[in-house]
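Residue numbers begin at 1 in each chain, while the letters A, B, ... track the order of the sequences. Because the structure is predicted, anything quoted here is derived from the model rather than measured.
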Amino acid sequence: MSANPHAEHLQELLEGLNEPQREAVTHGEGPLLILAGAGSGKTRVLTHRLAYLIYTDQAQAGEILAITFTNKAAREMSERVKRLLGRDTRGMWLMTFHAACARILRAEAARLGYTRQFTIYDQADSRRLTKRSADAVGVDLKRFTPAAIHNQISAAKNRLRAAADYRETVASPFEEMVADVYDIYERDLHRMNAMDFDDLLFRTVNLLELFEDVRERYVSTFRHVLVDEYQDTNHAQYRLLQLLVGGGREAPARGARTSVTGHRNLAVVGDDSQSVYGFRGADIKNILEFQDDFKDARVVKLEQNYRSTQTILSAANAVIANNRGGIAKRLWSELGQGDQIHVRVLEDEHAEARFVVGEIERLVDEGASRDEIAVLYRTNAMSRVIEDALVRKEIAYQVIGGTKFYERAEIKDAIAYLSLLANPFDVVSFTRVVNSPRRGIGQTSLSRVLAHAEALGVSVWEAASRPEEVPGLGAAAIKALGRFMATMEELRKLAGAPPGDGGEEEGEASSNGVPVGDLIEALLTQTGYIEALKAERTIEAQGRIENLQELIEVGHEFDAGVAEGQDTLGVFLQQVALVADADTRTDDEGLVTLMTVHNAKGTEYPTIFVTGLEDGVFPHSRALEEGALEEERRLFYVAVTRAMRELYLTHARRRAAFGAQTYGLRSRFLDEIPSDLLDEPQETMFRPGAISARVGLSRAASAAELGDREPGAWSGRAAGTRERPAASSFRLGEDVIHAAFGDGVVTGVEPGGVIVVRFADDGSERKLMAEYAPVSRR
DNA sequence: ATCCTGATTTTTTTT
DNA sequence: AAATCAGGAT
């Protein structure tokens, strides 16, 4: 090693690592399992290992595939490796599974009968397509939602079961119906030159299984493969890794060859106690059985925690001990006992929010920074009430998750236009934009065009380009469609794609178009999209225009950072299809952060609030129904271990769900924490709720007891009925304030007590029930 | 083809 | 409480 020109750097790299960390970093070839407890310096180990591999010449940057769970994690890791190496990490494949697969598939698309311009459908698109397929099969959509059907298909794909394989295993009428839909859904996806999220993994596996030469190329390209958050991998991802490195378990599957050869240089990092994505096919067995899959695997346990106080760790350890069959670990910390964990019960979710915000105010007064504080909850819907309280106290905050930028209708429309330009077979995008803005092409005309395209076996683009040939199309529709396609044709030239029915794969055909930012700008004006929004003259439309301007900006930024000449549109589309909202989180901006516990994974904050700790909320009732209590407990474990110094756990006696009030018992997880770790006002220990939790009274009984304490306070939905102005008392143009949306002005008064309010904050215009909405005169 | 109204649903978590 | 959707009116 002393001969290494980087010897100095190497020593620096290993300094300050503890023994197991160093072992993981310096491990050479062969399988490696790093069991990294929460806060044990996992990212540090990963980044140092990447740098180490390069410094010791075990791999060039371009020979490393490093998989992370989110794009944000990839970006952060890339930054840190760059800092360690003192130079660029260019060439390194540091990205999510989905991004890596999309990249491979674009390069090899022709092998699978796709063009490299294939479209990636997100969940909403996939559901829409599922609905279409279900309609075609004649499914009663009253009984089965497209979401439920698509979930089933998605689960099948995650287990690498194609439609035909799925059909062989059906065991109920429901599954038989799904099998029918799956058939059509698959056929249509392929016809449209499109893939859903699950296909990215599935098709890559197909590719590597079908073409040994392709597989060999990638096996030799990636001399080292690293995977973060390994406990959250699903079967498709497992198989993909197997194909990329060789080895792994000999799947007893039917048909195809299962065991493969390779270098087996696979390093995985994970924590079985933090496996929380079972609902999307993650299989905790992947990490539990890693040592069976790779008998000679080196196993390193990271148990020293550098994040939290011992009190917080003891609580986490105690809770997770209630799960069975995990890998034994014991987190410890040198940071001292620290404060007790604060447990509070509040009357309802509003009181809970006020308590949380009050504490935040106090902490900030005492010198804490807002960005050192995060509020966690189980479901996105719970953010509203907390936001409301924060707004009232004028505390700046950010919400991670919820409605995402790329899911807004106008953004999806713009992206759909781009997709259609790149992929003339993209029926979902065509359907989305053909009458947006309104062009007089309705459902009937659309169906005729689609049917015609299908009958001829040509792309929608081609069918729509000759509207006069579509049977049954009216004169008006022919004219409208003709005008629309003429515009699209022009845009297509701008995009640099060959005119007419392109889709022609091959080469970098579409390389000399205008920059993406310019293209978006051109498309929004030439299609009349912006004009139509302007004509609406509402603040809401104004907001949409601003969002679109932001998208144009995103396009320009992309153009500035991308190499010239390389099918920029395709790369741009691929990139935006795979961004998650978690990627937009910003640090150090003086903002309190609100997010779901899932989104909080991988983060840490000095102060953490976990809200809604009631049975039915957290653990979630649906999880309980599905027997997923252990996963919920792991989720709670994740929540608790985000905290560095202060941890608050709150629950409410009463909480509004849909319209009515519900009464929840305190979460069973609270009772799994040793009481000496808790700072919980004595009084609450003897509340009816707490007692009934212990003796197992039913929810209804406990509600009745609570009701007795304050007679008449809550019979039915009366609780929320405060004195409010009647609808008629709001007048046009009046200034109002809404608890969540802030200041606004009444722009309409409608029958039925409905008022229309335009809000200053985000420019949105909303219809509110004056009687029930938390809105009052300013 | 488009608009309006009433009914239904929404709340798991996300690449 | 609010968004989405389907069916019917225009």
Under the side-chain contact (heavy atoms from CB on, under 4.5 Å) test, which residues partner [X], sequence neighbours left out?
X: A:Thr444; result: A:Arg448
X: A:Val227; result: A:Ile67, A:Phe97, A:Val225, A:Tyr230, A:Thr233, A:Leu241, A:Leu266, A:Val268
X: A:Arg132; result: A:Leu129, A:Asp188, A:Met192, A:Val427, A:Leu450
X: A:Asp135; result: A:Lys131, A:Leu141

In whole Å, I'd like the distance from the [atom1] atom of [X] to the [atom2] atom of [N].
X: A:Gln237; N: B:dT15; atom1: CD; atom2: C1'; result: 8 Å
X: A:Asn599; N: B:dT13; atom1: CG; atom2: C1'; result: 9 Å
X: A:Ile400; N: B:dT13; atom1: CD1; atom2: P; result: 15 Å
X: A:Arg128; N: C:dT4; atom1: CZ; atom2: C1'; result: 12 Å
X: A:Asp135; N: C:dC5; atom1: CG; atom2: P; result: 13 Å
X: A:Asp196; N: B:dT14; atom1: CG; atom2: C1'; result: 14 Å
X: A:Ile67; N: B:dT15; atom1: CD1; atom2: C1'; result: 12 Å
X: A:Leu624; N: B:dT13; atom1: CG; atom2: C1'; result: 14 Å

Give the nucleotide from the list [options] with an atom nearest to the side chain of [X].
X: A:Lys131; options: C:dA6, B:dA1, B:dT14; result: C:dA6
X: A:Arg280; options: B:dC3, B:dT15, B:dA1; result: B:dT15
X: A:Asn435; options: B:dT14, B:dT2, B:dA1; result: B:dT2

Under 4.0 Å between a side-chain N or O of [X] and OP1 or OP2 of [N]?
X: A:Arg438; N: B:dC3; value: yes
X: A:Thr70; N: B:dT14; value: no
X: A:Asn234; N: B:dT15; value: no

Return yes when atom CD of A:Glu531 has more than 12 non-hydrogen atoms of other residues, nucleotides or ligands closer than 6.0 Å, and no otherwise.
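At most 12 heavy atoms, drawn from other residues, nucleotides or ligands, come within 6.0 Å of this atom.
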On DNA chain B, check which nucleotide each of A:Leu446 and A:Ala99 is closest to and give me the residue with the more 5' one.
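On the 5' side of the pair lies A:Leu446.
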A:Gly442 or A:Arg127: which one's nearest nucleotide on DNA chain B is closer to the 5' end?
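The residue whose closest nucleotide sits nearer the 5' end is A:Gly442.
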Measuring only the P atom in each nucleotide, how far is B:dT13 from C:dT4? A whole number of Å is fine.
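It comes out at 15 Å once rounded to the nearest Å.
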Please check if any side-chain donor atom of A:Asp413 sits under 3.5 Å from a side-chain acceptor atom of A:Tyr529, or the reverse.
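Yes - a donor-acceptor pair under 3.5 Å links their side chains.
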At a cut-off of 3.5 Å, list every protein nitrogen or oxygen paired with a nitrogen or oxygen from nucleotides 9-12 of chain B, distance to 0.1 Å.
from   : atom 1 : to       : atom 2 : distance (Å)
B:dT12 : OP1    : A:Arg622 : NH1    : 2.1
B:dT12 : O2     : A:Arg378 : NH1    : 3.0
B:dT12 : O2     : A:Arg378 : NH2    : 2.0
B:dT12 : O4     : A:Glu626 : OE1    : 3.2

For A:Phe279 and A:His620, I'd like to know if the aromatic rings sit close, meaning centre-to-centre distance below 6.0 Å.
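No - the distance between ring centres of A:Phe279 and A:His620 does not fall below the 6.0 Å cut-off.
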Under 4.0 Å between any heavy atoms, over every strand shown, what does A:Phe97 touch: base, sugar-phosphate, or nothing? Just pick one.
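No contact.
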With sequence neighbours excluded, what pairs up with A:Arg159 under the salt bridge (Lys or Arg N to Asp or Glu O under 4.0 Å) test?
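So A:Arg159 forms no salt bridge (Lys or Arg N to Asp or Glu O under 4.0 Å) with any residue.
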